[in-house]
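Input: a single structure, listed below in structure tokens.
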Amino acid sequence: MSFMKKPEVSHSRLSHNSLGRTLREYEGSMSTLCAGCGHDSVTAALIQAFWELSIEPCQIVKMSGIGCSSKTPAYFVQEAHGINAVHGRMPSIATGAHAANRNLYYVGISGDGDSLSIGLGQFIHALRRNINMLYLIENNGVYGLTKGQFSASADVGSKAKKGEINQQPPIDPVTLALTLGGSFVARSFSGDKAQLVPLIKAGIMHNGFALLDVLSPCVTFNDHEDSTKSYAHTRQYDRPVVHADFIQPHQSISTDYANGEIIPVELHDGSTVLLSKVSNDYNPIDRAAAYQYLLDRQKRGEIVTGLLYINENQEEFHTVHRTTEEPLRDLPHVALCPGSAVLEEIQHLYR
Amino acid sequence: MKPTDVSNPDYFHRVVDCQWACPAHTDVPEYIRLIAQGRFTDAYLLNRESNVFPGILGRVCDRPCEPACRRGRVDEKPVAICRLKRSAADQKGEIVQRLPPLPTRKNGKRVACIGAGCASLTVANDLLPLGYEVTIFEKQSEPGGLMRTNIPAFRLPTEVLSEEIHMITDRGVDLRLNEPITSMKELLALGFDAVFVGSGAPRGKNLEIPGRYDDLAHVHIGIDWLESVAFGHVSSIGRNVLIIGAGNTAMDCCRTSLRLGGANVKVMARKPLTMLKASDWEMEEAMEENVEIILCHAPKDFVLEDKRIRGLNFEILAYREEDGKLLSEVVGSNFLPADDIILAIGQENAFPWIERDIGLAFDRQDVPVVDRRTMQGTLPGVFFGGDAAFGPENIIWAVEHGHQAAISIHKYCQGEDIHERPAATLNLTSAKMGIHEWSYSNRFDTSVRRVVPHVSLSTRFKNINIEVELGFTPEQTQVEVERCLNCDIQTVFFASKCIECDACIDVCPTECLTLAVNGEEDDLRKRLKVPADNRKQLLFVSSPLPQTGRVMVKDEDQCVHCGLCAERCPTAAWDMQKSTVKIPYALDGPAESVPHPGQSHR
Ligand SMILES: Cc1cc2nc3c(=O)[nH]c(=O)nc-3n(C[C@H](O)[C@H](O)[C@H](O)COP(=O)(O)OP(=O)(O)OC[C@H]3O[C@@H](n4cnc5c(N)ncnc54)[C@H](O)[C@@H]3O)c2cc1C
Ligand SMILES: Cc1ncc(C[n+]2csc(CCOP(=O)(O)OP(=O)(O)O)c2C)c(N)n1
Ligand code: SF4
Ligand code: SF4
Ligand code: SF4
Ligand SMILES: [Mg+2]
């Protein structure tokens with residue numbers, strides 16, 4: 001933890017995004033997490049992604065639950081909207097907020113404890129509803145904030161700092177999301193920004209629920225030998241299978257993807273995700289094959305990363321429910337509350 | 001790239017941009033910290049070790065450190081290094097007792113210095129504590145060289161000058177005023193063990209155009225004229241004055257003219273503004289006093305009436321660049337009236353008193369052949385320094401030449417090889433005091449550069465000796481010291497400890513750090529977080545990191561030494577360490593001649 005504020009000085013040749021803002025203008029307050037925590041790298045990747053996408057801070061909604069990971073929203077895009085929910089309850093708040101205003105960019109930041117232990121029931125329903133948001137789990141295998149107890153994502157055989165061995169099978173958010181019909185499923189590593197930043201961008205721009213499971217080591221309670229969520233272990237077993245490049249609508253695509261090794265996926269807003277296969281036997285648009293592949297690799301202890309599955313045609317929550325385009329706050333009162341006569345009519349339909 | 005060898009003292013020395021740029025390698029950040037702590041005498045003494053004349057240089061140094069200063073790269077303006085030096089000098093306490101002690105016994109060697117300018121004075125300063133008998137021959141009636149005769153008192157008060165000269169000459173120099181050396185041969189015959197030539201570049205350049213010699217009373221050579229003013233031989237000038245040339249001498253001539261009766265004073269430059277030789281601040285000060293600087297005017301001929309100067313005809317030039325060469329063409333002409341004309345177009349060396357058959361070689365420009373490292377001429381035992389060595393430069397270069405010559409003279413007199421130069425060394429000590437505590441002020445202060453107050457325009461012309469700059473107020477000093485970025489507090493990296501968590505990279509406010517796959521320098525510079533376009537600044541490249549084999553790369557260009565990388569690193573792979581560059585002087589030289597115990601002060 002650093003007590004010093006990041007100085008008010010920046011590189012004199014910093015570039016500006018299309019809103020004329022520098023990267024530094026997408027920062028939040030100084031992190032109070034442990035020095036070297038993976039979550040801070042994820043923060044930096046989020047700053048980078050929002051800056052590159054040139055999104056106005058007032059268009060961003062940051063949501064989280066409880067945990068070190070859930071403190072992340074405080075550390076990026078100071079001027080954005082945000083809410084800290086009760087432990088594990090962020091998905092409901094996100095669902096409600098998104099129902100009320102679909103025109104903002106929603107990003108939920110959670111932890112493995114927050115989403116897979118206490119909040120699992122909430123998490124899977126938001127995913128199943130295909131709420132249009134980026135849902136990022138900073139996964140470290142422990143409850144960092146409460147001093148390092150195993151979380152639901154801890155691997156069998158992984159050793160805690162005090163020597164205890166985990167025996168419960170882990171919940172893997174990635175395979176879980178595939179089985180629940182997730183429309184965007186990805187995994188990355190806090191220590192690999194080249195992979196992480198484009199995934200965050202694609203996840204933000206994806207039209208639906210984008211699950212991004214980020215291995216983000218807890219340097220204080222889970223970075224020792226025999227931990228399967230340490231920096232060293234993650235680096236050793238990291239197997240990137242597909243690389244995603246995010247191409248904004250106005251950018252020209254220079255890559256030649258005629259040979260089938262690169263799959264372009266056009267997103268709702270006209271941007272494109274270019275999926276290049278790192279491993280030839282992986283197919284990120286075939287849910288069943290992807291699932292099989294992941295299970296095979298998991299057995300070998302490998303950590304498969306990249307944009308693992310994407311289906312841009314799956315309808316998101318508002319489309320399914322044919323709800324209004326307008327944010328509720330912009331509707332006239334009579335539209336929101338049409339009065340007892342209309343209520344009467346509706347009730348009549350059910351009689 | 002190969003891993004950076006930080007054991008080479010030059011690497012971290014270069015990070016201290018000001019110190020590296022200073023010809024005498026003054027330890028700027030350390031003296032600024034001493035000033036910040038109110039330790040003015042200590043700050044003065046630290047300065048004096050390297051630059052010998054802090055009070056003088058704190059006013060008139062050419063300050064090559066300031067354009068080099070890091071603060072000027074991350075912010076608009078550099079730290080006011082020079083003005084802070086003056087703060088230390090103005091507020092210092094008693095220092096004579098703290099000068100290097102003088103030995104009670106002389107070492108039996110005699111050294112002659114020609115000229116009592118800053119170069120010779122430095123040689124004397126360095127050799128006296130070693131027991132040398134130093135004789136300085138000076139043709140003028142006062143010591144100081146151009147600092148006394150040419151730099152006007154409104155920039156450099158006589159008391160400041162005299163104090164720092166006396167600090168040396170009062171320690172037992174045999175100062176022979178009014179004794180010009182007229183024959184090197186005769187001097188050599190006197191049997192000195194070594195001779196140092198510090199006679200300056202005494203000849204002002206002339207302008208050979210029609211009418212030059214038709215009214216000698218009103219056409220002056222700048223440096224000679226300033227000398228006559230300094231010695232009180234000249235005390236007035238006409239109302240309309242043209243200064244030909246736009247270097248620093250021109251700036252002193254125009255401002256001196258204003259103080260002697262000149263009302264309409266113009267500086268005539270041949271070149272456009274961006275190419276003028278004068279320092280920005282000297283031009284600013286002249287313009288503040290309403291001197292007009294007229295550009296692209298080349299003098300053509302003097303206009304006289306009844307053998308009296310009336311003015312000058314000029315050709316107006318236009319410049320263009322072709323294949324990197326600057327070409328000019330005449331696009332018009334202009335007449336400007338003048339009562340007096342001062343030629344300030346440069347100086348050159350002149351050694352009419354050195355016989356050409358004694359073994360001292362001169363090159364085609366009649367400049368002596370001098371070794372840049374040892375300062376020795378082609379006759380063993382004869383050394384040169386200051387403007388006499390390579391033509392006109394400035395005080396701080398003369399001082400550095402003096403230090404190097406003193407090292408050589410000492411070695412020469414002790415029978416050592418003068419070509420074996422003592423190397424600078426660098427010492428590092430951790431600045432860590434606690435988890436978030438450092439032994440230096442690491443907070444970035446956003447204050448802008450303080451502007452030194454000047455005597456008002458209405459009072460400054462009343463007397464030629466009124467010093468225009470007042471120096472910083474204590475409040476200004478207090479703010480300005482905090483602008484220094486402590487470039488000597490180095491970021492030291494231990495590759496074996498790094499777990500590549502990115503914390504340092506993410507926290508760095510000026511994006512200096514990148515974890516990258518190694519490559520050739522050109523390629524690596526492009527791939528950094530902010531491309532390292534400033535090639536004058538070095539890249540630090542670590543050895544391969546344990547987990548991925550990538551390297552930690554640091555672009556030194558805009559590091560503000562805030563220490564956040566070290567605060568954020570979970571494994572202490574970064575540490576902030578104070579570097580101290582030890583510059584060798586004659587006093588550190590051959591051991592057998594180091595002063596005996598029981599020394600006395602004079
Ligand atoms: C107008 C003007 C303004 C300047 N302003 C600045 C400034 O603001 N800052 C700066 O850093 N530099 C300035 N300089 C340059 C600076 O003054 C010189 O670079 C510096 O003084 C050189 O020092 P020196 O010891 O080599 O020689 P000098 O200072 O020239 O001293 C040489 C001495 O040798 C004596 N001498 C010469 N021949 C003989 C002989 N045969 N026998 C005995 N004695 C002899 C001379 O009388 C003189 O005293 C200025 C120069 C000029 C002309
Ligand atoms: C309802 C409730 N139960 C328990 C807690 C205690 N608690 C706080 S954070 C946390 C676990 C957080 O783990 P995770 O989401 O993995 O975040 P990390 O700190 O590891 O980033 C727990 C159990 C709580 N705050 N609220
Ligand atoms: S306890 Fe672990 S998860 Fe929490 S801030 Fe520290 S390193 Fe990060
Ligand atoms: S910031 Fe301070 S230490 Fe750095 S170059 Fe400038 S004066 Fe020197
Ligand atoms: S903070 Fe320390 S461990 Fe982390 S990348 Fe930087 S130097 Fe390496
Ligand atoms: Mg956790």
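These figures come from a predicted structure and were not determined experimentally. Throughout, a chain's letter reflects where its sequence line sits, starting with A, and its residues are numbered from 1.
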- Message: Could you check whether any side-chain heavy atom of B:Glu500 comes within less than 4.5 Å of a side-chain heavy atom of A:Asp192, counting everything from C-beta outward?
- Response: no

- Task: Taking all non-hydrogen atoms of both residues into account, name the closest pair between B:Thr510 and A:Ser10 and its distance.
- Result: CG2-C, 3.7 Å

- Message: Is any side-chain heavy atom of B:Asp557 closer than 4.5 Å to one of A:Arg13?
- Response: yes

- Looking only at B:Asn442, B:Thr571, B:Val74, B:Ile505, the option with the highest number of non-hydrogen pairs under 4.5 Å against chain A is B:Asn442

- Query: Is A:Arg235 reaching over with its side chain to a backbone N or O of B:Thr548, donor-acceptor style, under 3.5 angstrom?
  - Reply: no

- Under 4.5 Å, counting heavy-atom pairs only, tell me which of A:Ala232, A:Ala44, A:Ala45 racks up the most with chain B. A:Ala232

- Query: Heavy-atom count around A:Phe150 CZ within 6.0 Å, excluding the residue itself: above 12?
  - Reply: yes

- Task: Determine the minimum heavy-atom distance between B:Val507 and A:Lys6, stating which atoms define it.
- Result: O-CE, 3.0 Å

- Item | Pair B:Asp506 + A:Lys193, salt bridge at N-O below 4.0 Å | yes

- Interface residue of largest heavy-atom contact number with chain A, from B:Asn534, B:Val530, B:Asp75, B:Val560, under 4.5 Å: B:Val530

- Message: Can you confirm whether B:Glu511 sits close enough to A:Arg24 that some side-chain heavy atom of one is under 4.5 Å from a side-chain heavy atom of the other?
- Response: yes

- Query: Measuring heavy-atom distances to chain B, does A:Val9 have an atom under 4.5 Å in its side chain, in its backbone, in both, or in neither?
  - Reply: both

- Task: Supply the atom-to-atom distance A:His233 NE2 to B:Gln547 CD, rounded to the nearest 0.5 angstrom.
- Result: 12.0 Å

- Query: Would one find more than 12 heavy atoms of other residues, nucleotides or ligands at under 6.0 Å from atom OH of A:Tyr237?
  - Reply: no

- Query: Does any N or O in the side chain of B:Gln558 come within less than 3.5 Å of the main-chain N or O of A:Ser12, such that one atom is a donor and the other an acceptor?
  - Reply: yes

- Task: Please state whether the side chain, the backbone, both or neither of A:Ile47 comes within less than 4.5 Å of a heavy atom of chain B.
- Result: neither

- Item | N/O donor-acceptor pair under 3.5 Å between A:Ser190 side chain and B:Cys501 backbone | no

- Could you check which of B:Pro509, B:Cys508, B:Cys569, B:Pro546 has the highest count of heavy-atom pairs closer than 4.5 Å to chain A? B:Pro509

